[in-house]
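It should be emphasised that the depicted structure is a prediction, and the values quoted were computed from it without experimental measurement.
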Amino acid sequence: SAGMPRAEVRSGIDWFELDAGVRFGDHEVALHDLLAARRAGETSITLSDGSIGLLPLEWLSRLGPVIAGGTSNGTALRYKRSQVALLDALLSALPGSSADATFEKARAELRTFDSITPVDPEATFVGTLREYQREGLAWLHFLRRFGLGGCLADDMGLGKTVQVLALLDARRAQRDQQAERGSRNGSPGPSIVVVPRSLIFNWKREAERFAPRLRVLEHLGTGRDAAAIDVTTTDVVLTTYGTLRRDAAALAGIQFDYAILDEAQAIKNPSSASAKAAR
């Protein structure tokens, strides 16, 4: 029968990797092989010495949500940095588990997080955010800190664009500060903002009004050239859904800091009327 399971988490540049297995006497079977046997409908597995080991079906069942969230690389399961909480729940349930220092730091930050404190925009930002907008900006910073994506879903007219511009201006300030120090290591690249064509003018006007230091490049029209985008002198690439679809291959070569989707319902379903219209 199966003994105590083992789990180890290793960290990469932007991912965590789970290496786990179960011992059957002197033999350990990797999680990858246990999952393969389970998917094949087996209740046991043949060990390296020819003996038979019973699959720990209850343990594998409890791992269901964790397993579903990872991507197999053939020997282990890989997770995005935003899935820290998922792996933390797994390791907390396994007394014999271990993790490297990077993952332990991420776990500690998550566990000690208490609440989101409203923040002010950069001094270069023109205008004053209302209290709920300061909370929204703090929430956007929180998402970045933990590597999460998010949906800013305030009602129409409550200043979602302004909050996002405050975030982008903060990232611009970080880039400029690092450039002044002569270092771009870890410096955020430009962000891409994708909007319906009818909102291009509004985004330009709002950026000029609230974040005049932002260097906005319109990627539109017949003369556009994604290969000519200078990532060192551009803070925001402003484009439309239709243009993004046509230039996806070229734009994929740029490491964008943020991808901001305004009226994101345009891409929620490839067969929807709004998605077809956006094309």
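Remark: Glu263 pairs with Gln265 by the side chain to side chain donor-acceptor pair (under 3.5 Å) rule, at least two apart or across chains.
The only option from Val164, Val194, Val195, Leu152 that meets the side chain to side chain contact (heavy atoms under 4.5 Å, CB included) definition with Asp262 turns out to be Val195.
If you take CD on Glu28 and CG on Leu34, they are separated by 9.0 Å, rounding to the nearest 0.5 Å. Here the NZ atom belonging to Lys160 is positioned 13.0 Å from the CD1 atom belonging to Ile260, to the nearest 0.5 angstrom. With values rounded to the nearest 0.5 angstrom, Arg246 atom CZ is found 11.5 Å from Leu251 atom CG. Interatomic distance, Arg107 CZ to Asp88 CG, rounded to the nearest 0.5 Å: 4.5 Å. The CG atom of Leu35 lies 8.0 Å from the OG atom of Ser72; values are rounded to the nearest 0.5 Å. Separation of atoms CZ (Phe210) and CG (Leu129) is listed at 8.5 Å; rounding is to 0.5 Å.
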Exercise for the section: Any chance you could lay out the side chain to side chain contact (heavy atoms under 4.5 Å, CB included) test for Thr161 and Leu199, step after step, and finish with the verdict? Expected result: CA-CA 11 Å; Thr161 302; Leu199 294 182; over 6 Å; no

Practice task
Take Glu8 and Asp100, measure what side chain to side chain contact (heavy atoms under 4.5 Å, CB included) needs, and give me the verdict at the end.
Solution key: CA-CA 8 Å; Glu8 178 184 356; Asp100 62 19; over 6 Å; no

Handout entry: Pair Val29-Ile45, side chain to side chain contact (heavy atoms under 4.5 Å, CB included): steps then yes or no
Key = CA-CA 9 Å; Val29 179; Ile45 191 168; 3.7 Å; yes

Exercise for the section: Mind running side chain to side chain contact (heavy atoms under 4.5 Å, CB included) on Thr239 and Glu218 for me, showing each step along the way? Expected result: CA-CA 6 Å; Thr239 192; Glu218 291 183 67; over 6 Å; no

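Across every non-hydrogen atom of Leu214 and Leu165, the tightest pair is CD1-CD2, 3.9 Å. When every heavy atom of Leu77 is checked against every heavy atom of Gly70, the shortest pair comes out as CD2-C, 4.5 Å. Residues Val22 and Pro56 come closest through the heavy atom pair CG2-CG, 4.2 Å. Nearest heavy-atom pair across Leu140 and Tyr258 is O-OH, 4.1 Å. Residue Leu47 comes nearest to Phe24 through the heavy atom pair CD1-CB, 3.6 Å, listed as atom of the first residue, atom of the second, then distance. The two residues Gln83 and Gly69 come nearest to each other via the heavy atoms NE2-O, 2.9 Å.
Within 6.0 Å of the NZ atom in Lys80, the count of heavy atoms belonging to other residues, nucleotides or ligands does not exceed 12. Atom CZ of Arg205 sits in a crowded spot, with more than 12 heavy atoms from other residues, nucleotides or ligands closer than 6.0 Å.
Proximity of the aromatic rings of Phe16 and Phe103 is defined here by a centroid distance below 6.0 angstrom, and this criterion is met.
Within the 3.5 Å criterion, the main-chain N or O of Ile200 finds no donor-acceptor partner in the side chain of Arg197. Not one N or O on the side chain of Ser61 forms a donor-acceptor pair closer than 3.5 Å with the backbone of Leu57.
Tracing side-chain contacts under 4.5 Å through hydrophobic residues (I, L, V, M, F, W, Y), one never reaches Leu31 starting from Trp15; they form parts of separate clusters. Note on Val231: it clusters hydrophobically with Leu217, by side-chain heavy-atom contacts below 4.5 Å among ILVMFWY residues. Residues Val236 and Leu220 are members of one and the same hydrophobic cluster, defined by side-chain heavy-atom contacts under 4.5 angstrom among Ile, Leu, Val, Met, Phe, Trp and Tyr.
Between the side chains of Arg10 and Thr102, no donor N or O sits under 3.5 Å from an acceptor N or O. Using modelled atom types, one finds no donor on one side chain facing an acceptor on the other under 3.5 Å when comparing Gln133 with Arg130.
A salt bridge links Asp247 to Arg224: one of the charged nitrogens lies within less than 4.0 Å of a carboxylate oxygen. The residues Asp235 and Arg215 are annotated as salt-bridged, a charged nitrogen and a carboxylate oxygen being separated by less than 4.0 angstrom. The pair Glu131-Arg134 counts as a salt bridge, with a side-chain nitrogen and a carboxylate oxygen less than 4.0 angstrom apart.
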